[in-house]
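Reckoned from all heavy atoms, side chains included, excluding hydrogens, waters and symmetry mates. Numbering of ligands and ligand atoms starts at 1, following listing order.
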Amino acid sequence: MKKVYVALIADLIHAGHVRLLKEATGLGEVTVGLLTSKAIEEMNDRAFLNYEKRYEALDSLKYVNHIVPQDSASYKDNILKLKPDYVVHGDDWQYGAYQYLRDEVVTLIHGYGGSLKEIPYSSDISDFNVKNELIQLGVASVSRQSRLRELIKIKPVVKILEAHNALSGLIAESTSEERNGNLVSFDGMWSSSLTDSTARGKPDIEAVDVTSRLNMVNDIFEVTTKPMIYDADTGGKIEHFEFTVRSLERTGVSAVVIEDKTGLKKNSLFGNDVVQTQDTIAGFCEKIIAGKKAQTCKDFMIIARIESLILEVGMDDALARATAYIQAGADGIMIHSRHKDPAEIIEFMQKFRASDRHTPIVVVPTSFNSVTVEEFAEMGVNIVITANHMLRSAYPAMLKVAKSILSHGRSLEAEPDCMSIKEILEFIPGTK
Ligand code: SPV
Ligand code: MG
């Protein structure tokens, strides 16, 4: 009996899977390499069901003889272990993002005399279409909230991009690029108090009320599926923060970040150039405790943001606060710095991770922007937020075009700096 290998996500099993497996059975004994959550992430795909649920459904199919985990997008480990006579796949990977996986499979199996059998892609049904339809029906929003915790578990580092409106949300949702041979994309969005205020022409001083902020989150959620971390500034008064937590949960936000400052909040990147007051450890712990008590969904996260380095009160204070905030129930810590040199962040990470290996750590490297996501992952950082770059890049482009229209008395000269009408129509899903 020949050995046949098929790698599948097998989420929401449909006729396309059955056709592929039926063909595979015709070639021999079928082993399915069932992709783990980690492998699915590497492929920038997602599964609605966890590994165990997908295994259970797949295991009941008569065309499947064995199931083994495939823990990476690459087939390499399983192919070298199983040495299948055939690898079966749809022919759609001959082009596009997964071509690199196909190339590797071809090299590996030719190395020992195996062959690749490609089945014509089922154009009437595919994972992509099924999932897109579900997303459009809004089913994905049910799993959006818990997604952040999942991502922290399975990714070396979670990459979050600021979104200040639905359009920038779409960029966070759908942009991907190749990096070191892999296709990379953002994992979620940051609702920044700085850019949400700036987009409304207001200073970053908690002047935009929570209801307005939530309206924006809703606009973004209407067209995206990725999780969101919400910047709630100081969280306001304890009694108000309890309401904010519940409103955020209801909306489907995954995590809220509150910073340990009191009084009129100013943006952290001013540092001590403006008057900023840090809360007492006890006072801020009380806010965390109240927030955790108000929370009703188990997966929602309250992340405590430490401003000690911003306010130059020292590393020991930052570390003491981290310990206290975690004891009070914080689900993660954001450590902030406004130095270009990442030295104090590196020192914090070393000292913090010496005694706490698991609590998620978040950084916002607006100032220390020379550090890569891989380097942050090495340090033990879990979430990297690129916090204001969509707004900061859009504004100069708009200003340039506005000036050009004024100085030329027409828009002809500005046209090369603009996205074409065709591009913008195609960018928005569902336009056609
Ligand atoms: C924000 O994006 O609003 C933040 C991060 O709070 S920072 O601007 O660096 O304070
Ligand atoms: Mg902010």
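- With I345 as the fixed residue, the side chain to side chain contact (heavy atoms under 4.5 Å, CB included) test singles out one of P365, S337, S367: S337.
- Between R102 and E118 there is a salt bridge, since a side-chain N of the basic residue sits under 4.0 Å from a carboxylate O of the acidic one.
- Between L20 and V6 the shortest side-chain heavy-atom distance falls below 4.5 Å.
- Remark: the R305 side chain and the S268 side chain contain an N/O donor-acceptor pair separated by less than 3.5 Å.
- Between D77 and K81 there is no salt bridge, since none of the side-chain N atoms of the basic residue sits less than 4.0 Å from a carboxylate O of the acidic one.
- Using a cut-off of 4.0 Å between Lys/Arg side-chain N and Asp/Glu carboxylate O, K292 and D331 are scored as salt-bridged.
- Donor-acceptor pairing under 3.5 Å is recorded for the side chains of Q70 and Y5.
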Pick out the protein N or O atoms lying less than 3.5 Å from any N or O of ligand 1, and list each pair with its distance.
from: ligand 1; atom 1: 2 (O); to: W190; atom 2: NE1; distance (Å): 3.0
from: ligand 1; atom 1: 2 (O); to: S192; atom 2: OG; distance (Å): 2.8
from: ligand 1; atom 1: 3 (O); to: S192; atom 2: OG; distance (Å): 3.1
from: ligand 1; atom 1: 3 (O); to: S193; atom 2: N; distance (Å): 3.2
from: ligand 1; atom 1: 3 (O); to: S193; atom 2: OG; distance (Å): 3.1
from: ligand 1; atom 1: 3 (O); to: L194; atom 2: N; distance (Å): 2.9
from: ligand 1; atom 1: 3 (O); to: D231; atom 2: OD2; distance (Å): 2.8
from: ligand 1; atom 1: 6 (O); to: D231; atom 2: OD2; distance (Å): 3.0
from: ligand 1; atom 1: 6 (O); to: R305; atom 2: NH1; distance (Å): 2.7
from: ligand 1; atom 1: 6 (O); to: R305; atom 2: NH2; distance (Å): 3.4
from: ligand 1; atom 1: 8 (O); to: N267; atom 2: ND2; distance (Å): 3.0
from: ligand 1; atom 1: 9 (O); to: H336; atom 2: NE2; distance (Å): 2.7
from: ligand 1; atom 1: 10 (O); to: R305; atom 2: NH2; distance (Å): 2.8

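- Excluding water, every protein N/O/S atom under 2.8 Å from the Mg ion (ligand 2) is given here by residue and atom: S193 OG, D231 OD2.
- Under 3.5 Å, the side chains of D299 and Q145 contain no donor-acceptor pair of N or O atoms.
- Residues D204 and S193 have side chains that bring a donor and an acceptor to within less than 3.5 angstrom of each other.
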